Number of protein chains: 2
Amino acid sequence: MQTFALMRGVHMSVTIKDIAGKVGVAPSTVSRVVNGSASISEETKSRILQAMEEMNYHPNSLARNLVNGYSHCIGLIMDARDDITFSNTFFNRSVYAIDKAAQTNGYNLLIANDDNSKGASPVEKLVLERKVDGLILPSNCVRTGLVEMLVKNGCPFVVLGEPSVMKTEACWVDANNEEGARMAVLHLAEEGFQRIAFLIENRKTVFSEKRIAGYLEGLEAAGLSCGQAYIRECGLPENAETTAGETLEEREAPDAFLCSNNVIAYYTLQALKKRGLRIPEDIGIVTFDNHPFAQYMDPPLTAVDVDTFGLGEQAAFQLIQKIKRAESGSQHTLISTRLLIRRSSQKGGSK
Amino acid sequence: MQTFALMRGVHMSVTIKDIAGKVGVAPSTVSRVVNGSASISEETKSRILQAMEEMNYHPNSLARNLVNGYSHCIGLIMDARDDITFSNTFFNRSVYAIDKAAQTNGYNLLIANDDNSKGASPVEKLVLERKVDGLILPSNCVRTGLVEMLVKNGCPFVVLGEPSVMKTEACWVDANNEEGARMAVLHLAEEGFQRIAFLIENRKTVFSEKRIAGYLEGLEAAGLSCGQAYIRECGLPENAETTAGETLEEREAPDAFLCSNNVIAYYTLQALKKRGLRIPEDIGIVTFDNHPFAQYMDPPLTAVDVDTFGLGEQAAFQLIQKIKRAESGSQHTLISTRLLIRRSSQKGGSK
DNA sequence: TTGTACGCGTTATCAA
DNA sequence: TTGATAACGCGTACAA
């Protein structure tokens with residue numbers, strides 16, 4: 001035990017010099033075989049490799065990073081204010097992809113919470129102290145001040161989700177919300193639903209606007225004339241039951257609901273059940289974002305599923321491109337969505 | 001644009017030498033004021049500070065790390081094989097706490113997926129190349145080979161969840177599953193339920209054993225004689241509906257179910273509903289792990305809630321202690337649970 | 001193909 | 001209180 005305590009710490013590991021000494025060559029030669037640079041005679045090469053094996057050599061990334069000026073780390077910013085926000089499944093599924101893309105490209109993933117309550121933002125430290133080579137940040141972290149600081153310090157970054165400010169200057173990746181909403185509406189129309197309402201928290205967010213556009217396009221394409229009048233804001237998802245209820249009392253009540261997220265869908269479900277309406281026979285439901293529990297609802301919910309893996313993968317990929325090529329183009333990428341058809345919308349195919 | 005491209009990259013930032021030159025002192029003097037070490041005359045100190053301000057100096061962590069041998073990074077290992085596993089809300093809520101604890105102690109958090117399919121494990125690289133000063137790893141990542149490698153390289157680590165191997169050697173933090181199960185049973189007993197069944201995936205995992213122990217203690221304390229006979233394994237959560245159904249057909253059918261996770265609880269709910277049983281009037285349900293959607297079930301599920309924040313916080317805290325003190329004690333910590341009482345178990349208070 | 005010498009930005013030691 | 005110098009481990013011109 002104490003042996004290990006002594007072995008730990010700073011200057012104890014095997015270095016490039018150690019194997020150089022053992023083999024009888026210059027450190028630079030060892031460095032060359034480690035990096036595969038330049039041409040080395042097969043003989044010394046194999047002797048060096050063998051020594052590396054025997055002495056269990058591993059390059060010290062700290063030293064490496066210092067000399068070539070890169071940390072080989074990608075910073076992923078989270079904007080959680082508590083552990084609930086942090087556990088956002090949608091976001092986390094992207095993280096997996098980001099990590100994977102980073103790892104296959106030789107980058108590590110550094111997570112940092114953007115707790116801008118205190119003076120010096122942790123994010124700022126990350127780039128100023130050169131701890132990261134680039135940043136992925138969620139759209140709601142995009143403040144002009146932050147972006148200016150990134151640009152000033154030449155730190156490449158990619159935004160996850162279309163931001164509300166600096167739309168054109170920034171490089172971002174988002175789900176194709178417009179397409180998703182359109183597909184959902186067309187599906188409902190095909191199933192025979194005629195008056196499709198759209199329930200959202202707040203119509204002024206970027207993604208809401210996109211979804212509304214898609215919703216209207218879908219209605220148009222299906223030849224349904226409801227349109228604008230059937231869009232309802234509920235504010236907090238918890239209010240969705242009330243909002244849905246009120247909508248049902250109107251003179252030309254909707255016969256289907258497109259819900260902007262799973263919680264809204266849940267509350268809408270409650271409203272319908274309390275009124276004794278059968279789903280999907282009387283009323284159809286489609287929700288955005290395929291939460292793992294959507295399939296456990298009663299009935300299972302048809303959902304617009306976002307390829308969160310592809311989303312993260314694209315973001316990481318683009319960031320790495322920017323880092324390597326040191327270019328600052330600002331691409332905008334849309335990841336396509338797909339419709340997972342479950343019982344809640346299948347009027348035609350329902351038993 | 002091109003200006004930024006030029007400004008970027010390696011050797012462009014202002015260094016300790018630059019300000020030393022500007023102020024007319026030695027680099028070492030600047031270093032001292034940056035670190036607050038040694039005593040500096042008020043005058044030079046303020047001049048240096050002013051220069052740092054003017055030139056927008058920020059210490060290069062890469063160089064710092066090299067000289068003092070520490071990366072100031074904590075590695076957090078994930079064992080996800082896909083994005084679904086990764087989005088495990090339970091785990092992610094701990095991540096938030098870990099990040100917070102790390103940040104307040106001057107550490108960064110490095111995330112890495114333990115994709116041991118390929119030859120060289122990424123985790124091993126992290127340690128061998130000195131990219132992290134310590135590791136937090138989930139209990140199901142604990143293989144003897146990995147632990148041996150960590151010990152050999154003097155890398156401190158803390159396990160999240162009690163591991164099945166190296167229980168005593170390793171330092172771990174876990175939820176108090178035993179207490180949680182006991183509380184749940186006592187609560188059900190108080191509500192008037194008499195024959196409480198326990199539905200688990202697999203009784204042989206470490207946490208299952210703990211929960212079973214607590215379950216039996218609870219029954220004992222409540223003076224209920226059911227016991228061992230009412231423990232049922234369902235294997236995959238999807239089978240829980242069948243398992244619950246079969247249990248209900250037995251001669252002395254249970255009048256309450258303790259479910260080992262939310263998905264099992266969901267399927268149990270289905271089984272009960274299909275039989276026309278009312279919850280909680282006819283049958284009570286309590287689930288482990290308070291998934292955000294537990295409250296949206298019909299009826300809302302009473303849940304054994306784990307303080308995931310505390311869990312992560314403890315893990316990070318202990319790891320940092322080990323890193324700083326270079327000691328290898330192996331503490332075992334249990335985080336207490338609490339019961340969130342909702343409708344599904346309130347026979348007494350039900351309307 | 002290989003060795004020499006220097007630098008990356010910082011901290012630590014020693015001397016002044 | 002300060003400065004010069006040598007490290008930390010590695011990469012890379014340049015020369016051999």
Side-chain angles (χ1 to χ4, degrees), chain A residues 8-49 51-52 55-72 106 125 127-131 133, chain B residues 8-49 51-52 55-72 106 125 128-131 133 153:
Chain A
R8 285 195 65 253
V10 193
H11 315 291
M12 310 309 304
S13 12
V14 199
T15 79
I16 218 172
K17 286 182 193 166
D18 297 327
I19 40 179
K22 172 158 188 173
V23 179
V25 295
S28 51
T29 308
V30 180
S31 171
R32 285 187 261 255
V33 350
V34 170
N35 294 292
S37 56
S39 42
I40 308 276
S41 78
E42 276 307 322
E43 202 227 313
T44 49
K45 185 173 178 178
S46 70
R47 278 170 56 215
I48 288 177
L49 285 172
M52 294 197 330
M55 306 185 69
N56 193 30
Y57 168 79
H58 288 274
N60 182 321
S61 64
L62 269 34
R64 263 194 167 165
N65 292 342
L66 174 60
V67 56
N68 60 38
Y70 291 101
S71 68
H72 289 282
K125 280 191 68 174
V127 327
L128 258 16
E129 301 182 357
R130 306 269 158 198
K131 292 191 173 180
D133 298 337
Chain B
R8 282 197 66 249
V10 194
H11 316 288
M12 308 311 302
S13 13
V14 311
T15 77
I16 218 172
K17 287 180 192 169
D18 297 326
I19 39 178
K22 173 158 186 176
V23 178
V25 295
S28 47
T29 307
V30 180
S31 171
R32 285 189 262 256
V33 349
V34 170
N35 293 290
S37 56
S39 43
I40 309 277
S41 76
E42 276 306 321
E43 203 225 313
T44 50
K45 186 174 177 178
S46 69
R47 278 168 56 213
I48 290 176
L49 285 173
M52 294 195 333
M55 305 184 69
N56 193 29
Y57 167 79
H58 289 274
N60 181 319
S61 64
L62 268 35
R64 266 192 166 167
N65 292 341
L66 174 60
V67 58
N68 60 41
Y70 290 101
S71 68
H72 290 282
K125 281 190 67 174
L128 259 16
E129 300 182 358
R130 306 268 158 199
K131 291 190 173 180
D133 298 337
N153 289 278

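None of the values given here were measured: they were computed from a predicted structure. Every chain is numbered from 1, with letters handed out A, B, ... down the list of sequences.
For D:dT2, neither phosphate oxygen OP1 nor OP2 lies less than 4.0 angstrom from any side-chain nitrogen or oxygen of B:Arg32. Within the 4.0 Å cut-off from OP1 or OP2 of D:dT2, not a single side-chain nitrogen or oxygen of B:Ser28 is found. Note on A:Thr44: a side-chain N or O is less than 4.0 Å away from OP1 or OP2 of C:dT2. The phosphate of D:dT2 has neither OP1 nor OP2 within less than 4.0 Å of any side-chain N or O from B:Thr29. Taking side-chain N and O atoms only, A:Thr15 has no distance below 4.0 Å to OP1 or OP2 of D:dC8. Applying the 4.0 Å criterion to OP1 and OP2 of D:dC10, one finds that A:Tyr57 has a side-chain N or O inside that range. The side chain of B:Asn68 places no N or O atom within less than 4.0 Å of a non-bridging phosphate oxygen (OP1 or OP2) of C:dT10. The side chain of B:Lys17 contributes an N or O atom lying less than 4.0 Å from OP1 or OP2 of C:dC8.
If you measure from atom CD of A:Glu42 to atom C1' of C:dT2, you get 15 Å, rounded to the nearest angstrom. The distance from atom CG of B:Asn60 to atom C1' of C:dT11 is 13 Å, rounded to the nearest whole Å. For the pair B:Asn65 CG and C:dA12 P, the interatomic distance rounds to 13 Å; values are reported in whole Å. Per the geometry, NZ belonging to A:Lys45 stands 15 Å off C1' belonging to C:dT2, to the nearest Å. Put simply, CZ on B:Arg130 is 15 Å from C1' on D:dC10, counting in whole angstrom units. Straight-line distance from the CG atom of B:Asn35 to the P atom of C:dT10: 10 Å, rounded to whole Å. Rounding to whole angstrom units, CD1 of residue B:Ile19 and P of C:dT10 are separated by 8 Å. Rounding to whole angstrom units, CG of residue A:Leu66 and C1' of C:dG7 are separated by 9 Å.
Residues A:Val30 and A:Val23 have side chains not in contact (no heavy-atom distance under 4.5 Å, counting atoms from C-beta outward).
The side chain of B:Ile16 sits closest to C:dT11 out of C:dT11, C:dC8, D:dA4. For A:Ser39, the side-chain atoms get nearest to C:dT1 when compared with the rest of C:dT4, D:dG11, C:dT1.
The residue among B:Arg64 and A:Ile40 whose nearest nucleotide of DNA chain C lies closer to the 5′ end is A:Ile40. The residue among A:Ser37 and B:Ala63 whose nearest nucleotide of DNA chain D lies closer to the 5′ end is B:Ala63.
No donor-acceptor pair under 3.5 Å is formed between the side chain of A:Arg130 and the backbone N or O of B:Leu62.
Within 4.0 Å (heavy atoms only), A:Ser41 reaches sugar-phosphate atoms of the nucleic acid but no base atom. Using a 4.0 Å heavy-atom cutoff across all strands shown, A:Val25 reaches sugar-phosphate atoms only and no base atom. Residue B:Pro59 is in sugar-phosphate contact alone, with no base atom involved, counting any heavy-atom pair closer than 4.0 Å across all strands shown.
Annotation: B:Lys22, atom NZ; neighbour count of heavy atoms from other residues, nucleotides and ligands within 6.0 Å is above 12.
Atoms CD1 and CE, on A:Ile16 and A:Met52 in that order, are 9.0 Å from each other to the nearest 0.5 Å.
Smallest separation of non-hydrogen atoms from B:Ser71 and B:Lys131: OG-O, 3.0 Å.
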